[in-house]
Amino acid sequence: MEMRSLKTVRRAFLLILIAVGIGVACGSDDVEPGAIHLLEIDGGIGPITERYIDRGINKAEDEGARLIVIQLDTPGGFSSSMREIVQRIEASNVPVVVYVSPYGARAASAGTFITMSAHVAVMAPNTSIGAASAINADGSDIDGTLGKKIENDAVAFIRGIAELRGRNADWAEEAVREAVAATQTEAVELNVVDFVASDVDEILERIEGTTIELKPGLLVTLNGLPEAERVNTSMTVWERMLEHLANPTLATILISLGMIGLFIELTNPGVIFPGVAGVLAIAIGFLALGVLPVDTIGLVLIGIALLFFALELFVPSGGILAGGGLVALVLGAIIAFRDTPTEFQPNRIVVGILGFLLVVVFVSMAIGLARMRKMRSETGAEALVGRMAVARTPLTPDGTVFIQGERWHAELEDGSAAEGEEVRVVSADGLRLRVRKENHP
């Protein structure tokens with residue numbers, strides 16, 4: 001009866017979880033067309049920032065936004081991520097404003113490229129832009145022919161950006177070659193940015209009714225901005241977590257710790273946890289360093305998850321492999337498929353239900369295997385402990401007992417027992433049982 005009630009509770013709990021998942025997946029955050037979408041870059045430019053900006057612009061395009069405003073405060077970052085962001089802004093079907101803000105912010109290095117690529121570039125008071133020379137990840141200069149190649153390539157790229165937006169290409173080149181920088185006032189005078197504004201409200205008032213070139217040959221007039229609805233597209237919790245992980249210094253630490261973990265596992269086989277943690281740390285470290293594409297790291301993590309799940313079925317890890325696999329699967333799915341175009345994304349309801357069922361099936365299999373292992377360990381003499389046996393010969397104290405259709409050598413704990421008397425098995429030592437009388441004190 002208790003077992004049946006427990007099963008009923010489990011089924012009810014499963015149905016509740018599925019219902020909640022469906023409700024969350026079906027939840028709608030649709031916005032009326034014509035809204036102004038607000039994004040924010042606060043910190044280094046990296047792969048996660050690139051994905052976030054791409055997601056934000058995609059959302060604005062899908063929802064028919066009137067304008068995108070990107071608030072920017074950055075010391076720079078990866079050149080590869082910066083280029084992807086610039087290309088996405090240039091390809092946007094919605095006008096983009098880059099606003100160097102708040103007071104005291106900067107658009108340094110990679111931020112210079114991003115700011116100058118905007119349809120409208122604005123700076124807040126007491127802000128700066130420039131110092132866009134290419135350097136190594138550790139802050140050192142890039143010497144030799146390689147340094148010249150990178151510098152010339154960056155100059156060509158930033159001049160192209162400036163010419164596309166009608167900005168000062170000569171100053172842009174100096175920002176790369178000579179690492180020059182400018183205050184907000186100087187930037188306006190040099191035609192690096194369009195104007196200075198104290199807040200977003202002032203920006204919208206200033207550009208209301210103006211006509212911009214969205215793409216070569218395509219002019220758009222900005223109307224209805226001050227009264228338009230505003231939508232904040234912030235980084236998700238997962239994106240913020242991954243952004244914090246995507247730090248070169250932290251990446252070096254993660255890879256080093258990962259190597260140590262693998263070394264511990266190889267020298268002490270069976271510990272498991274250092275090996276699992278080491279593999280995950282190395283994968284995340286490569287993501288932080290930008291050594292491999294973001295999508296590739298996501299697929300690698302999913303592959304690691306499947307490997308850990310498979311090993312859990314054969315290696316008694318106490319759930320460590322399964323836990324590591326779950327972490328890898330979640331991170332891999334978020335990294336690899338977070339920004340897949342909508343038309344290629346599977347139905348969230350179906351994915352949620354299938355994912356939940358997958359976890360349930362895997363946990364059930366793991367529990368079943370654990371029980372089988374436990375059952376196998378209790379076969380033979382150990383499985384007879386606690387059961388009743390019948391003396392086939394007098395036990396004085398050694399003799400023979402009959403239990404479950406088999407004869408066993410036995411030793412009585414105390415006293416003696418006559419043939420045919422019942423005794424209870426209290427322990428087993430190999431093929432010899434230790435028994436005692438049932439009425440023994």
Side-chain angles (χ1 to χ4, degrees), residues 1-17 261 263-278 307-327 357-441:
M1 189 67 178
E2 291 182 0
M3 183 64 79
R4 187 173 300 173
S5 300
L6 183 59
K7 288 182 178 179
T8 302
V9 171
R10 287 177 179 174
R11 289 172 183 169
F13 182 65
L14 175 60
L15 291 174
I16 291 172
L17 287 179
F263 176 76
I264 293 174
E265 183 64 36
L266 292 174
T267 54
N268 300 274
V271 179
I272 298 178
F273 180 77
V276 171
L307 176 62
F308 284 171
F309 286 150
L311 289 175
E312 179 66 31
L313 299 177
F314 301 100
V315 179
S317 70
I320 296 176
L321 285 168
L326 185 60
V327 172
L357 291 177
L358 177 63
V359 172
V360 171
V361 170
F362 171 77
V363 171
S364 299
M365 291 176 61
I367 293 174
L369 287 173
R371 288 176 176 173
M372 289 177 63
R373 293 189 186 111
K374 184 177 180 180
M375 289 174 61
R376 285 196 296 266
S377 66
E378 293 182 352
T379 58
E382 293 181 356
L384 303 178
V385 176
R387 299 180 180 276
M388 298 299 296
V390 178
R392 280 293 187 236
T393 64
L395 301 177
T396 57
D398 294 331
T400 304
V401 296
F402 188 78
I403 182 172
Q404 293 188 346
E406 297 179 330
R407 291 178 178 271
W408 289 81
H409 293 290
E411 178 184 357
L412 189 64
E413 279 190 339
D414 190 22
S416 62
E419 181 179 353
E421 191 172 349
E422 287 191 339
V423 292
R424 186 176 296 277
V425 180
V426 294
S427 64
D429 182 13
L431 298 178
R432 188 178 184 84
L433 304 179
R434 188 171 181 83
V435 298
R436 70 180 176 188
K437 291 184 179 181
E438 186 60 18
N439 59 354
H440 190 276

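As the structure is a computational prediction, the values presented were derived from the model and not from experiment.
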Other residues, nucleotides and ligands only: do more than 12 of their heavy atoms fall within 6.0 Å of CZ on Phe273? no
How long is the straight-line distance from CZ of Arg387 back to CZ of Arg424, given to the nearest 0.5 Å? 10.5 Å
Minimum heavy-atom separation for Leu433 to Ile403, with atom names? CD1-CG2, 4.4 Å
Could you measure the distance from the CG atom of Leu412 to the CZ atom of Arg436? Nearest 0.5 Å is fine. 10.5 Å
Say whether, by atom type as modelled, one donor and one acceptor occur between the side chain of Lys437 and the main chain of Glu413 under 3.5 angstrom. no
Is there a side-chain contact between Glu419 and Thr393 (heavy atoms, below 4.5 Å)? no
Sorted by chain and residue number, the side chain to side chain donor-acceptor pair (under 3.5 Å) partners of Glu406 (sequence neighbours excluded) come out as Trp408
Would you name the heavy atoms of Val385 and Ser427 that are closest together and state the gap between them? CG2-CA, 4.0 Å
Do you know which two heavy atoms are closest between Glu265 and Ile272, and how far apart they sit? OE1-N, 2.6 Å
So CZ of Arg432 and CD of Glu411: to nearest 0.5 Å the spacing works out to 5.0 Å
Do Leu384 and Gln404 make a side-chain contact, defined as non-hydrogen atoms from C-beta onward lying under 4.5 Å apart? yes
Specify the closest pair of heavy atoms between Val425 and Ala389, including all atoms of both residues, with the distance to one decimal. CG2-CB, 4.5 Å
Residue of the set Leu266, Asn268, Ile264, Thr267 for which side-chain contact (heavy atoms from CB on, under 4.5 Å) holds with Pro274: Ile264
To check you understand the geometry: which heavy-atom pair defines the closest contact between Ala391 and Ala418, and what is its length? CB-O, 3.6 Å
